[in-house]
Amino acid sequence: MRPLFKLIGTLYLAVVLSVQQGDDVDVDSYVQSETPIAKAGVLANIGPDGALSSGAAPGVVIASPSTTNPDYLFTWTRDSSLVFKALIDQYVSGQDTSLLGHIENFITAESIIQQVSNPSGTLTTGGLGEPKFNIDETAFTGPWGRPQRDGPALRATALITFANFLLSQNNESFVTQTLWPIIQNDLNYVQDNWNQTTFDLWEEIDSSSFFTTAVQHRSLREGATLATTLGQTSLASGYTTQAENVLCFLQSFWNPSGSYITANTGGGRTGIDANTVLASIHTFDVNAGCDATTFQPCSDKALANHLVYVDSFRGIYDINADLGPAAGVATGRYPEDIYQVGNPWYLATFANAEQLYAALHTWTTVGSIEVTSISQAFFQQFIPSITPGTYPSSSSTFTSLTSAIRSYADEFIAINAQNTPSGGGLSEQYSKADGTPVSANDLTWSYASALTAFQARGGVFSNSWGAQGLTVPSSCVPPSTSENPTVAVTFQVDATTVFGQNIYLVGSVDALQNWDTNTAMLMSVENYPIWILTVNVPASSSIQYKYIIKDGSGDVTWEADPNNVLDTPANGALATHDTFRN
Ligand SMILES: *[C@@H]1O[C@H](CO)[C@@H](O)[C@H](O)[C@H]1NC(C)=O
Ligand SMILES: *[C@@H]1O[C@H](CO)[C@@H](O)[C@H](O)[C@H]1NC(C)=O
């Protein structure tokens, strides 16, 4: 075995060396061959006719066809919205007009999913924060990291992009009658809930998350603009007020001593995380220059963050070991990751490239590169002696930097290319030891991340969303809750059920569905037979409630009398510890 191993080792080194030199021809040909594969890979995972998504309702995006280790045959609001943002951008830019049917199906699917009562609540009680659903548009009721509050923001952004296009085509009726009600649900949710904790995009940490906050900010800004266009001025001003507060909060994720963006306020890790690079590319605005207020890709803070994030993976993956200190390398979610032993992800590695292509685009548009004391270390990777200052596009420094950074960006594509199997299929991860595919196969988000990185490499970007010239308010104000104050109550009940039965909660106030068993809220099982559900209910009130059992055919069994009574405090949170009364 040894000689063969050695031969493979030598071949591997040869490929590595060519990658390290930023071999443009290889990257060009990979982009050319992988583009149609990635596009087909996305479409195969969209119901009802996608080749790998049988059983998915029309417009439903499956995360991956993988059903075991891991089971990803579900639809996540985050993944679906990011995927459809990429498709909608292709449609509205005229690149692919055949996508209209898929987009219309997506709109219908999301309008249905928004209404599905689920373990996070109903449409009006927090259900929009539910991270994932079954692919037939029913609720997923197992335990999960919920809520995840980036989904509604990302969905709003995808749909606003389509709405803006339709308005430019004088198709206002579809926008006001069909799109706006869906978008408004999501924006109201973001407006009302951005200041609550959330699980992060990796579904692990319940705190505040940079990615979530950044995409929430974006959705409120472009939502306010659309609301204004549609004559909804009071909604617009509400969204703008909260956008200001969110932008203020966004600044607090910057870690000045570490020179990076801390991904989550909780979690007990370094906070170095692909979360931040993904946030930068998904909130890129072609008109916002290198503004650090919104962490634009060429801002000093986003570049410093790129350096720290990428460097954190140089020493921990074998496949990066032979690459030079300033070469593009394979990167994963975060350096402490242990999921599937902790490997590089295609979408994270593509994001490194995409951030740099976006930065290059802006430097060319603006006509200069500004190096600050914050971004100096990033630029020293290419010119060790560089000092802070502004380098106009006529200078040789500008030319050297842009050419070196373009090669660097290409190296991230190249290492993904090198670890793409011969058929071009993109799984979620590839082995940090030998580059073979790991985890879910044909991950829709991996394909979408390839498409957007390739577009960025070709200088094709989406429309501006209004990040230009924003300033941070002087003080950060949490949203006012004085009008209808609520408290979060975690209802917990010990209830023994038989197969096919589920426990629901219903009660005397709107938030508890006014005793309506049809819209009663499904509870989730955290530790059977304990059923649990957190609901925001009016503060300082006396509330009555009951648990009900529903069986598979929807028949209801009420808990025995009397009603449970809860007197809520003026603020804070509380939990009940009930036992179901037969
Ligand atoms: C408006 O757009 C919708 C969604 O694509 C489409 O179904 C409808 O035919 C369009 N209406 C007009 C008048 O173009
Ligand atoms: C809510 O907003 C305030 C003010 O910006 C901030 O200090 C706090 O951390 C935020 N909390 C959450 C959970 O977003």
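Note that the structure is a prediction, hence the values are computed from the model and not measured. Counting starts at 1 for both ligands and their atoms, in listed order.
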Using the salt bridge (charged side-chain N to carboxylate O under 4.0 Å, His left out) criterion, which residues pair with Arg149? Sequence neighbours excluded. none

If we count only N and O atoms by modelled type, under 3.5 Å, do the side chains of [X] and [Y] hold a donor and an acceptor together?
{"X": "Tyr72", "Y": "Asp79", "result": "no"}
{"X": "Asn287", "Y": "Gln468", "result": "no"}
{"X": "Asn45", "Y": "Ser53", "result": "no"}
{"X": "Gln296", "Y": "Thr362", "result": "no"}

Strictly distance-based, threshold 3.5 Å: is any side-chain N or O of Asp285 a donor or acceptor partner for the main-chain N or O of Trp465? yes

To check you understand the geometry: which heavy-atom pair defines the closest contact between Ala511 and Thr125, and what is its length? O-CG2, 3.4 Å

In terms of the angle between their ring planes, are Trp254 and Phe295 parallel, tilted or perpendicular, with boundaries placed at 30° and 60°? tilted

Closer than 4.0 Å to some heavy atom of [X] - which atoms of ligand 1 meet that?
{"X": "Asn171", "value": "1 (C), 2 (O), 3 (C), 8 (C), 10 (C), 11 (N), 12 (C), 14 (O)"}
{"X": "Leu166", "value": "2 (O)"}
{"X": "Leu100", "value": "5 (O)"}

Structural part of [X] in contact with ligand 1, heavy atom criterion under 4.0 angstrom:
{"X": "Ile103", "answer": "neither"}
{"X": "Glu104", "answer": "side chain"}
{"X": "Thr178", "answer": "neither"}

Neighbouring residues of ligand 2, heavy-atom cut-off under 4.0 Å: Trp194, Asn195, Gln196, Thr197, Ser208, Phe249, Cys476

Worked verdict on Trp76 versus Glu203 for side chain to side chain donor-acceptor pair (under 3.5 Å): CA-CA 11 Å; Trp76 270 262; Glu203 322 195 280; 2.8 Å; yes

